[in-house]
Amino acid sequence: MFIVQVGALLIALTYYANAQTSVVAVNTTIPGSEQSASGLRQLAAAVVPQSSVFHPSLRSQFSLNLLSAFPEDLEVSNYCVALLAIFGQRYSTYVNCLVSAARPVKVCQNCYGTYGNLMEIYKNISDQMGPGNVSCRDSLLRSDRLMLVFLLYSNLEDIWTASECNRCVSLRHHSLTNDTLYFMETLNQSLSCFEKYQKQGNHSELCTECKATYRGLNELYSRMEKNHTLCIDIEDSMNMTRILWSKDFNCSFPRAETVPVIAVSSFMLFLPIIFYLSSFLHSEQKKRKLIHPKRAKSNPSFINIQDKFS
Amino acid sequence: MANITKKVSWSSRGDESGGGERTPLLNGSEEVRYTRQVGLLSGEGGMFHIGRLSTVDLEEDMTSDESSQGHHVSMSSIDGVKVCVCVFQSLDYDNSENQLFLEEERRMSFLGFKCLEISRWVICGLIGFLTGLIACCIDIAVENLAGVKYYVVKQNIEKFTEVGGLSISLILWAVLNSAFVMVGAVIVAFFEPGAAGSGIPQIKCYLNGVKIPRVVRLKTLVVKVCGVICSVAGGLAVGKEGPMIHSGAVVAAGVSQGRSTSLKKDFKIFEYFRRDTEKRDFVSAGAAAGVSAAFGAPVGGVLFSLEEGASFWNQMLTWRIFFASMISTFTLNFFLSIYNNKPGDLSSPGLINFGRFESDSVAYNLYEIPLFIVMGAAGGLLGALFNILNYWLTIFRIRYVHRPCLQVMEAMLVAAVTATVSFAMIYFSNDCQPLGPDQSEDYPLQLFCADGEYNSMATAFFNTPERSVRSLFHNPPGSYNPLTLSLFTLTYFFLACWTYGLTVSAGVFIPSLLIGAAWGRLFGILLAAITPNGSVWAVPGKYALMGAAAQLGGIVRMTLSLTVIMVEATGNVTYGLPIMLVLLTAKIVGDYFVEGLYDIHIKLQSVPFLHLEAPATSHWLTAREVMGAPVTCFNRIEKVGTIVDVLSNTSTNHNGFPVIVPVLGKICGLILRSQLIVLLKHKVFVELARSRLTQRKLQLKDFRDAYPRFPPIQSIHVSQDERECMMDLTEFMNPTPYTVPQETSLPRVFKLFRALGLRHLVVVDSENRVVGLVTRKDLARYHLGKHGLEEMQLAQT
């Protein structure tokens, strides 16, 4: 008797829950478009027609058979499809830009604009309501396990974060920051100086002549490092310049003072030897008083001890 | 010149007598022969002493205890080697259940006992808190001082790299190091020599039941803390972890007493805990708190105390100690988080932070376990080498470098040489690595590297040792080239070995870890190079950790506690098995050659240390052969004059006196020197009690107030009349001392001492008459040597 009651209750509950899910996601109209089969089940739960007829259990059975075209309530809205198309376009523009700016790294200065566009469209997809209160967030971003759109975008976002481009680009992705521009300018000065003397083929002259500008560049760089205004572009160009300076032109400091260093070191190393020798020869050795404890003889008779004691 | 020849004759004598002392103890006659030998060998100065002191001895017949039954005293040059020293006294761990004690217990209510229990917990909490706070102060001070030093030197080096004159930077570095170390060494050498070294040997002895003089004083703590800051900031090859354990112990001993004798301030709290039993328990909590603060390893701390002081232990105490440990690491964590401007972020649990080993690349595989074991064996070998070298060095230091000013000079020289060697290494190193994005190097030195690169040798040398350890563990593969690492290992090994034992307060944990991490990383790099696809699994950081564990295990030979400390410090339980295997192998291999470093130093300080078990093959020795006899006994009602005479006899510094029934000679109790002194001070004489009925009755509180620094007998004035008075000891003596028959074997006596924490054990005959007294020193003298059982000499001072 009891079991039957519980069973009935359960059935009622399931039905009620189904009805609830349907109600939650009512307000999307989706015309026919191709959908992946994997997204089917979730879609079934999430997207429900505007028609106010509820027969949830029946619906899921039917929709499994309709593989060629989903009923209109399951489809993605036109608006969202349009957004998706724009997203794809901008995405490929940005990726193209990234690839072309990969070496030497110029991803921030060349691609901040395209990234800004991409971000804008993604924002549209994820946050904004379209005409007729249409939100594409659920249908485009999180309807399936793969979540391709999101995945694609987050990959690029990771690249953007890793390259620290935010530090070089103004907040709204309209332009490079003044710091960056100033750095580029200084860098160009150094490079042009290098170029000038490189033509003459004399590296030692280059080292002396360009030292001032190069050092100015280095100082600027370390200042920016402290302020956390470095992005990958600046770091890379600085690295290249440093390699030019140190390896190609061979302007880093030579190891010139080997003799004095060796002399001072060996003097220092010699001190302890003198110290230990002198303390060995002149210090008084510490001595100890030994005590020989009183012991009962190890093999005397019993009586002996007792006599001695009493 | 005459001076030198004298030295030579001395040392040769030392060798001869050394030979004599190593004669296996076969029977009494052997021993007698040796006594004569030393007598003959003693030089001019020695002869005089023999004559004078032995005449003193002949006068007094009945002497007892603390085993310094001086018969013949001779001068010898045997220093520290196989000698027991008499200045060390035992702790009175065994409670004296005299009538005063019973009375107090009767008076105390149920609530009183509850309060005691609660105050024990409060004290443990306080110990943890203060220890954590001290650790925090040390950390911050070291960080800032070293930061300033490295900043100055770095600026200087950068300046002179450009314009020339790097030898000036070298001198600057050496002078800065020496200056720091000089401060550290001066305070240790001149103010508190007890604060030298890591303090772990001393704490081990204390937990073992030996009262090392001045080891748990406030002054020692202050000197220790300042000293360790100076020596670490001074760039010596030392760490600040060992001293933390000592500091924790001192805090515990201080807090639990509720007063400071040095500051002459009595807070009138925790008076019940003013005796050795309670104090020792709290000291073990303090040591645990110290370990826990040093490594962020609360469980490791508890196990350290368990491992070192396991003879007297109970479950409730373990739980309290764990509480203290936890509080300690939490406090350190909390205050460091405030210091780092991240209040509430509790992620820096210890002084040394090994960093986190979490990513998949540091997982290990079954086939790596044999490699770990090989590393363990290597660690054991290197550890043994380290210990042997340090042993010789320490003997040399005891013999020739024992004056404070020489010790300070030595420390300064070591500091200067450390700086010099480091500088030379950095200067001549060609290993340049590109600067990382995360700036893991705090003071990157460019020197002659290309711009944007740093000198890889400098990350190892131009840094505080803790940071070097961390960069060896965590820097990505390829940050060090093999040549750099092998040079570093070699140099640092000898530097650390040379540094340990200087008169500065400093620990050996970090240098050991550093040496081990360096050769471990080297091992990992070579492994990756010689095996196909080795670069996938042979992550250098993992092998650096195992190498560090192996080296540390090979040097200090701790087992369980060290495993747990390492596991906790790395925060990775999966490394439990490999670390255990590594430490196990290191201990086995190392023990084959020589003891652990701490044991060596305990031995060199000639402390009567009782090991876990009596030496094997000692069952044939009986209490009769071990005990000191005859014994100075007191009658139940004894003349004051006799007591004063016995106590003030300088040649026999006995501490426990059996009390006997006058004519029969049967034992009826045991009284301690400290108790007698308090009695004499309060003039508890039978005659006085009769004449002045109103006199206040002596209570246990009077004994506690005098604890722990009982006045010497010389400071107590007893007039000629009073000498004739009588003293009734019945009320004050321990009426039920432990006794054993004469035939008890040495291991059995040993077990009693270890398990009960005894100080005196009376040996009686079948009639219950006192025939001898066994003390700690009588047991600690025996040890298993190369030629079977050997007996050590006793010495004063």
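Worth saying up front: this structure is predicted, and the values here are computed from it rather than measured. Below, chain A is the first sequence line, B the second, and so on; all start at residue 1.
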| request: Determine which pairs satisfy salt bridge (charged side-chain N to carboxylate O under 4.0 Å, His left out) with at least one residue from residues 96-115 of chain A, sequence neighbours left out, and list them in order. | output: A:Arg103-A:Asp236
| said: Return the CZ to CE distance between A:Phe275 and B:Met409, rounded to the nearest 0.5 Å. | reply: 5.0 Å
| said: Take a 6.0 Å sphere around CG of A:Asn227 and say whether it holds more than 12 heavy atoms from other residues, nucleotides or ligands. | reply: yes
| message | Please classify the contact of A:Thr241 with chain B as side chain, backbone, both or neither, using a heavy-atom distance under 4.5 Å. | response | neither
| said: Rounded to the nearest 0.5 Å, what separates atom OG in A:Ser279 from atom CZ in B:Arg399? | reply: 13.0 Å
| message | Testing the basics here: between B:Tyr427 and A:Thr258, what is the closest heavy-atom pair and its distance to 0.1 Å? | response | OH-N, 3.2 Å
| said: Between A:Tyr276 and B:Phe396, is the ring pair (Phe, Tyr, Trp, His ring centres under 6.0 Å) condition met? List the steps. | reply: CA-CA 9 Å; A:Tyr276 283 118; B:Phe396 182 86; 5.7 Å; yes
| Highest number of heavy-atom pairs under 4.5 Å with chain B: which of A:Leu269, A:Val261, A:Val264? | A:Val261
| A:Ile262 versus chain B, heavy atoms under 4.5 Å apart: side chain, backbone, both or neither? | side chain
| said: Can you tell me how far apart CD (B:Glu453) and CG (A:Asn239) are? Round to the nearest 0.5 Å. | reply: 9.0 Å
| said: For the OG atom of A:Ser278 and the CG atom of B:Leu406, what is their distance to the nearest 0.5 Å? | reply: 7.5 Å
| task | Please round to the nearest 0.5 Å and tell me the distance separating atom CG of B:Leu413 and atom CE of A:Met268. | result | 9.5 Å
| message | Nearest 0.5 angstrom please: B:Thr420 OG1 to A:Leu271 CG, how far? | response | 8.5 Å
| message | With chain A as the partner, which of B:Val414, B:Leu166, B:Val417 has the greatest number of non-hydrogen pairs under 4.5 Å? | response | B:Leu166
| query | Between A:Phe267 and chain B, which part of the residue has a heavy atom less than 4.5 Å away: side chain, backbone, both or neither? | reply | neither
